[in-house]
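For ligands, and for the atoms within them, numbers begin at 1 and follow the listed sequence.
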Amino acid sequence: MAKMAASMLQQGEDAFRKLFKFYRRKNPPPDFSDVIDFSKPGNHSRKVFNCDLNAVLLSDGDACRAGLHPVCKWKAFGLDGYPGFIFISNPFLPGSQRHWVKQCLKVYPQKPNICNLDMHMSPTDTDNLWEKSRDQIRQKCAAKREPKSLLEKLRWVTNGYHYNWDTKMYSADHCTPFPSDLNALSEGVAAACGFQNFKAEAGILNYYHFDSSLGIHVDESELDHSRPLLSFSFGQSAVFLLGGLRREDPATPMFMHSGDIMVMSGSSRLLYHAVPRIVSSPDKQAVPQCLVQELADDTPEDSVVQNVSEEDWAVCAKYIQTSRINMTVRQVLGLGKAFPTEPDNENTVDIQPGTYHEGSSDSEESKVKRKKQ
Ligand SMILES: O=C(O)CCC(=O)C(=O)O
Ligand SMILES: [Fe+2]
């Protein structure tokens, strides 16, 4: 373990925050040698073990329809000390990741879904972000500093039960239909991990650029913590920090590359975590190799994953050269349960107007606002 990171892990109280700052530092760039890379066999820390998923729980046909390899081919890992945490190293079929990138840019930000831009713009100004931005993105010249399109200013989108960043709660009366394709993907992944009847009820999509980060937080607003939290990543890579049940507990750094899936369940469901840094994908090419591939010709007709037109992909490819998209999917309510009529104290949390993603110009304190103390 690199000396710097090791000494931080021993410092107790502020270990997580120090590690966050360490990986966020731009100049000089940090040493990434302690960051677990699940995509490199044999390059794992001693904490990593192979995790056998039960291939019976998700049929090969259902996996294929969700754009995934058969479960028996998935490379899934666990981490010592984090029971219930499962890392699945890119189980997506060639070409299928493009569908999710396109949905996150063209479809999911559409009304009635909510996005960060709605906080200070009218719904007509924030609708059709794709149409309003595509030409600008396509014509962008990397060498020049040009004004950002609305799509490039997108930081988050919520769907299903919309997470309220101010109250940190979901509510029965603030809900729009959950996308059926993302529901199929989520149900399939949850089933393969042993969670049958998972109900995808709320999605938070996060859009990151090279200067973005996500502060230390725990996702506890869902009312049934026995259900897993699923996280899907596309585009450039992230350094993800997985901490403990207390904010100050030390954290384990790992890369999330395009196509990687994380499942936080059991006693890992309520662990603190953060994304201090976005880094280039390891392929050393503008668009990660797994996004260069196109969908196979024999993709079943009833697949939820659709071919992305060349015209649409040209915009997505340009966007993803400098960006990462993460989709987290949550089940909010217990099976057969409804929202309590009166919010009880347990679900009432301190109100902190929520800035979520933080740019490099912000102060360190503002970068870790998404937290529950
Ligand atoms: O971007 C990520 O990998 C993490 C996202 C996350 O933690 C969240 O949306 O709650
Ligand atoms: Fe989270």
Is the centre of the Phe240 ring less than 6.0 Å from the centre of the His273 ring? yes
Relative to each other, are the rings of Phe77 and Phe38 parallel, tilted or perpendicular (30° and 60° limits)? tilted
Relative to the heavy atoms of Arg330, which atoms of ligand 1 are at a distance of less than 4.0 Å? 8 (C), 9 (O), 10 (O)
Degrees at the Fe ion (ligand 2) between the NE2 atom of His217 and the NE2 atom of His273, nearest 10°: 90°
Between Leu19 and Leu241, is there a side-chain heavy-atom distance shorter than 4.5 Å? yes
Would Ser233 count as a polar contact of ligand 1, with the cut-off being nitrogen or oxygen pairs under 3.5 Å? no
Which of the ligand 1 atoms, numbered from 1, are nearer than 4.0 Å to a heavy atom of Asp219: 10 (O)
When the aromatic ring centroids of Phe92 and Phe234 are compared, is their separation below 6.0 Å? yes
Taking just the N, O or S atoms of Asp219, which one is nearest to the Fe ion (ligand 2)? OD2
Element-labelled atoms of ligand 1 that are located less than 4.0 Å from some non-hydrogen atom of Val275: 1 (O), 2 (C), 3 (O), 4 (C)
Check for me whether the distance between the ring centres of Tyr163 and His174 falls short of 6.0 Å. no
Please confirm whether Met262 approaches ligand 1 to less than 4.0 Å, judged on its heavy atoms. no
Which of the atoms in ligand 1, numbered in the order shown and given with their element, are less than 4.0 Å from a heavy-atom of Leu214? 4 (C), 5 (C), 6 (C), 7 (O)
When the side chains of residues 226-233 are checked against the rest of the protein, which donor-acceptor pairs come out under 3.5 Å, sequence neighbours left out?
from, atom 1, to, atom 2, distance (Å)
Ser226, OG, Asp224, OD1, 2.6
Ser226, OG, Asp224, OD2, 3.4
Arg227, NE, Gln331, OE1, 3.0
Arg227, NH2, Gln196, O, 2.9
Arg227, NH2, Asn197, O, 3.2
Ser231, OG, Asn326, ND2, 2.9
Ser233, OG, Arg324, NH2, 2.6
Ser233, OG, Asn326, ND2, 3.2

Distance-only N or O hit between ligand 1 and Ser231, under 3.5 Å: no
Quick one: which ligand 1 atoms are inside 4.0 Å of a heavy atom on His273? 7 (O)
Atom indices of ligand 1 within 4.0 angstrom of Tyr208 heavy atoms, with elements: 1 (O), 2 (C), 4 (C), 5 (C)
For residues 80-109, pull every pair meeting salt bridge (charged side-chain N to carboxylate O under 4.0 Å, His left out), keeping only residues two or more places apart or in separate chains. Lys106-Asp312
Check Gly259 against Pro91 and note the closest heavy-atom contact, atom names and distance. O-CD, 3.3 Å
